[in-house]
Amino acid sequence: MNNAWVVFEDEAGQSMTPPRARTWGRKGSTPVVRVRGRGSGRVSMAGMTCYKPGERSRLIYAIREYRGRKDEPKGFGWKDYRDLVIRAHIQLGGPIVLVWDNLRTHLVTPLREFIEANTDWLTVFQLPTYAPDLNPQEGIWSLVKRDIGNLAAADLGQVTRAVKRKLKMLQYRPEVIDGCLRGTGLTLPA
C-alpha cells in the first residue's frame with residue numbers, strides 16, 4: 001500500500017501498585033514508600049504509534065478503568081480494538097498498515113471479518129511471538145511507567161490521570177515517538 005501509515009499497536013496495564021523506580025534519599029537511609037490499594041483496580045491502555053515518511057509521527061490511545069465491579073469489562077474487547085483502528089483511520093486520513101502482536105483478542109473471528117471487509121484501507125501484519133523489541137509502542141509504555149514509578153496514588157483515578165497526562169504529553173512530542181521507532185532498529189522507507 002503506497003502512501004499508507006505504518007501503525008504499531010500494543011496494550012499495557014497499570015495497577016495501584018506502582019512499578020519499582022529509583023528515587024533520592026538521605027545517605028545511608030533507603031527511602032521506602034508504602035502504598036495501599038493492592039488489587040483495587042487496574043488501568044488498561046491500548047496505544048498506537050503511527051509513522052509515515054514526510055509526516056509528523058502520531059500517538060493514538062484509549063484508556064479503560066477496571067474497578068472490579070460486576071459486569072464491568074476487565075480490559076479491551078475486540079470491538080474496542082476495532083473502534084481504535086477506525087479512529088486511527090479517521091484521524092490519519094489515509095490507508096493503514098497495522099502491525100500488532102498475537103493477542104488472543106486480535107485473532108477472534110469478528111475482528112478478522114472486520115479486517116477482511118476493509119482491505120481497501122487496512123492491511124494487518126502480526127508480529128512474531130514474543131517480539132516486544134520490534135514494537136515501538138513498547139517504548140511508549142516504558143516512558144509512561146517510568147513517569148509514574150514514584151507515584152503513591154491514593155485511588156485509581158489518580159493513576160488514570162497520571163497515565164493520561166503522560167500520554168497526552170507524548171502526543172505533542174513526535175521526536176520521542178520517532179525515538180521509540182529508532183529504538184527497535186526498524187526504519188521506514190523514504
Enquirer: Find the distance between CZ (Phe125) and CG (Leu127) and round it off to the nearest 0.5 Å.
Expert: 11.0 Å
Enquirer: Tell me whether the rings of Trp121 and His89 are parallel (<30°), tilted (30 to 60°) or perpendicular (>60°).
Expert: parallel
Enquirer: Decide yes or no for Ile86 and Ile90: does some side-chain heavy atom of the first lie under 4.5 Å from some side-chain heavy atom of the second?
Expert: yes
Enquirer: Decide if atom NZ of Lys166 counts as having more than 12 heavy atoms of other residues, nucleotides or ligands within a radius under 6.0 Å.
Expert: yes
Enquirer: State, yes or no, whether a side-chain contact exists between Leu84 and Arg87 at a heavy-atom distance under 4.5 Å.
Expert: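 The answer is yes, as the side chains (C-beta and beyond) meet within the 4.5 Å cut-off.
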Enquirer: For Ser57 and Pro174, which heavy atoms make the closest approach, and how far apart are they?
Expert: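 Result for this residue pair: O-CB, 3.8 Å.
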Enquirer: For the CG atom of Leu103 and the CG atom of Leu111, what is their distance to the nearest 0.5 Å?
Expert: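 So the gap between those two atoms works out to 10.0 Å.
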Enquirer: Work out which heavy atom in Gly139 is nearest to a heavy atom in Cys180; give both atom names and the distance.
Expert: C-SG, 3.7 Å
Enquirer: What is the ring orientation for Phe76 with Tyr81, classed by angle as parallel under 30°, tilted 30 to 60°, or perpendicular over 60°?
Expert: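 Phe76 vs Tyr81 ring planes: tilted.
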Enquirer: Ignoring hydrogens and geometry, is there a side-chain-to-backbone donor-acceptor pair from Asn135 to Pro132 under 3.5 Å?
Expert: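 No; zero donor-acceptor contacts below 3.5 Å.
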Enquirer: Do Leu181 and Leu188 come within less than 4.5 Å of each other through their side chains, counting heavy atoms only?
Expert: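 Leu181 reaches Leu188 side chain to side chain.
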Enquirer: Yes or no on side-chain contact (heavy atoms from CB on, under 4.5 Å) for Asp10 and Ile140, after CA distance, side-chain angles and deciding distance?
Expert: CA-CA 10 Å; Asp10 194 40; Ile140 298 293; over 6 Å; no
Enquirer: Which pair of non-hydrogen atoms, one from Leu107 and one from Arg112, has the smallest distance, and what is that distance?
Expert: O-NH1, 2.6 Å
Enquirer: Would you sort out whether Gln137 and Trp100 count as a side-chain contact (heavy atoms from CB on, under 4.5 Å), showing the intermediate values?
Expert: CA-CA 10 Å; Gln137 186 61 40; Trp100 60 12; over 6 Å; no
Enquirer: Can you measure from SG (Cys50) to CG (Leu59) and round to the nearest 0.5 angstrom?
Expert: 7.5 Å
Enquirer: So, do Val85 and Arg82 sit near enough that their side-chain heavy atoms are less than 4.5 Å apart?
Expert: no
Enquirer: For Met48 and Ala88, which heavy atoms make the closest approach, and how far apart are they?
Expert: SD-CB, 3.7 Å
Enquirer: If you apply the rule side-chain contact (heavy atoms from CB on, under 4.5 Å), what do you find for Lys79 with Phe114, and how did you get there?
Expert: CA-CA 10 Å; Lys79 289 179 183 177; Phe114 165 75; over 6 Å; no
Enquirer: Would a 4.5 Å heavy-atom cut-off, applied to side chains only, mark His106 and Glu11 as touching?
Expert: yes
Enquirer: Which pair of heavy atoms, one from Gln126 and one from Asp101, lies closest together, and at what distance?
Expert: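 Heavy-atom minimum between the residues: NE2-O, 2.8 Å.
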Enquirer: Might you point out which heavy atoms bring Thr49 and Pro136 nearest each other, and give the distance in Å?
Expert: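 So the two residues come closest at OG1-CG, 3.8 Å.
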Enquirer: Counting C-beta onward and ignoring hydrogens, is there a side-chain heavy-atom pair between Ile148 and Val163 closer than 4.5 Å?
Expert: yes
Enquirer: Enter the distance from Glu9:CD to Ile96:CD1 here, rounded to the nearest 0.5 Å.
Expert: 11.5 Å
Enquirer: Is the backbone N or O of Ile177 less than 3.5 Å from a side-chain atom of Tyr51, with the two atoms forming a donor-acceptor pair by type?
Expert: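 The answer is yes, because a donor-acceptor pair under 3.5 Å joins these two groups.
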Enquirer: Do side-chain atoms of Arg161 reach the backbone of Gly157 as a donor and acceptor pair under 3.5 angstrom?
Expert: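 Side chain of Arg161 to backbone of Gly157, a donor-acceptor pair under 3.5 Å: yes, one is there.
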Enquirer: Linking I/L/V/M/F/W/Y whenever their side-chain heavy atoms sit closer than 4.5 Å, directly or via other members, would Tyr66 and Leu167 fall into one cluster?
Expert: no
Enquirer: Quick one: pull up CZ in Arg56 and CD in Glu175 and give me the separation to the nearest 0.5 Å.
Expert: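 That separation rounds to 10.5 Å.
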Enquirer: Test Asn3 against Lys52 for side-chain contact (heavy atoms from CB on, under 4.5 Å), laying out the working first.
Expert: CA-CA 8 Å; Asn3 207 24; Lys52 183 177 177 182; 3.0 Å; yes
Enquirer: Do Asp178 and Arg182 come within less than 4.5 Å of each other through their side chains, counting heavy atoms only?
Expert: yes
Enquirer: Ignoring hydrogens and angles, tell me if any N or O in the side chain of Gln14 forms a donor-acceptor pair with the backbone of Val43 under 3.5 Å.
Expert: no
Enquirer: Mind checking the OH-CE spacing from Tyr61 to Met45? Nearest 0.5 Å is all I need.
Expert: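 One gets 11.5 Å once the value is rounded to the nearest 0.5 Å.
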Enquirer: How about Val7 and Leu92: do any of their side-chain heavy atoms sit closer than 4.5 Å?
Expert: yes
